[in-house]
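Reviewing the structure listed below.
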Amino acid sequence: MAGKIGAGAALARLDDWRAGDGERDTICKTYKFADFKTAWAFMSGCALKAEAMDHHPEWFNVYNRVEVTLTTHDVDGVSDKDVTLGVFMDTLAAKLA
Ligand SMILES: C[C@H](O)[C@H](O)[C@H]1CNC2=NC(N)=NC(=O)C2=N1
């Protein structure tokens, strides 16, 4: 099981992510797409990756905006899995831009 690395270490390996503002150790990012169907395509691609990783995002979608929070419940904080999923999300978002 991947250990907790903490939001700070994760943010050093990601672009334009930020630490969550609650008590929990999390990282967050808001993506804005051209329209709803592009946002949905992003979420669909990420959902398949999340299932393959058995590691799932906490997210909110309204129209073309997707707000993502990543943390690893099993270690009660940010782990390498969150970095891996965050990199995947950034790569897919760039392709859909
Ligand atoms: C049993 C445990 O819930 C599963 O192994 C997976 C499911 N998806 C998950 N997603 C996230 N973000 N953190 C987890 O610890 C996690 N665990």
Side-chain angles (χ1 to χ4, degrees):
M1 163 59 62
K4 178 175 175 179
I5 62 171
L11 295 176
R13 294 159 56 187
L14 291 163
D15 294 329
D16 300 325
W17 285 74
R18 66 186 188 280
D21 52 12
E23 281 101 53
R24 295 188 303 160
D25 182 44
T26 64
I27 56 173
C28 303
K29 185 166 186 175
T30 298
Y31 295 93
K32 286 191 181 64
F33 299 97
D35 48 31
F36 174 74
K37 67 178 182 298
T38 308
W40 187 253
F42 171 75
M43 294 179 79
S44 299
C46 293
L48 295 177
K49 178 68 173 178
E51 272 301 289
M53 289 180 66
D54 191 28
H55 190 73
H56 303 83
E58 300 168 18
W59 49 9
F60 169 82
N61 161 247
V62 58
Y63 186 56
N64 66 331
R65 194 168 87 242
V66 182
E67 296 175 8
V68 179
T69 296
L70 298 180
T71 191
T72 302
H73 309 130
D74 291 346
V75 300
D76 195 24
V78 177
S79 75
D80 277 324
K81 288 185 172 184
D82 299 301
V83 177
T84 300
L85 186 53
V87 167
F88 176 88
M89 289 181 158
D90 288 348
T91 304
L92 181 55
K95 286 178 185 157
L96 291 169

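Order of listing sets the numbers, starting from 1, for every ligand and every atom in it. Just so it is clear, the values below take in all heavy atoms, side chains as well, and ignore hydrogens, waters and symmetry mates.
N61 places a side-chain N or O within donor-acceptor distance of the main-chain N or O of R65, the cut-off being under 3.5 Å.
Using a 4.5 Å heavy-atom threshold, the side chains of L70 and V78 count as separate. A heavy-atom distance below 4.5 Å is not found between the side chains of K4 and T71. When side chains are defined from C-beta on, L92 does not count as touching K49, because their heavy atoms never get closer than 4.5 Å.
For atom 8 (N) of ligand 1, the nearest protein heavy atom (residue, atom name, distance) is H56 ND1, 2.8 Å. Summary of contacts: the protein heavy atom closest to atom 14 (C) of ligand 1 is H73 N, 3.5 Å. In this structure, the protein non-hydrogen atom closest to atom 15 (O) of ligand 1 is D74 N, 2.8 Å. The shortest contact between atom 5 (O) of ligand 1 and any protein heavy atom is with D54 OD2, 2.8 Å.
Using cut-offs of 30° and 60° on the angle between ring planes, the pair W17 and Y31 is perpendicular.
Proximity to T72 (heavy-atom distance under 4.0 Å) selects the following atoms of ligand 1: 13 (N), 15 (O). In summary, the atoms of ligand 1 found under 4.0 Å from a heavy atom of H55, numbered by their order in the structure, are 8 (N), 9 (C), 10 (N), 11 (C), 12 (N), 13 (N).
The nearest protein heavy atom to atom 1 (C) of ligand 1 is not closer than 4.0 Å.
Within the structure, the closest approach of V75 to ligand 1 does not fall below 4.0 Å when heavy atoms are considered.
If you run side-chain hydrogen bond (donor to acceptor under 3.5 Å, both in side chains) between S79 and each of T72, D25, D74, T84, only T72 comes through.
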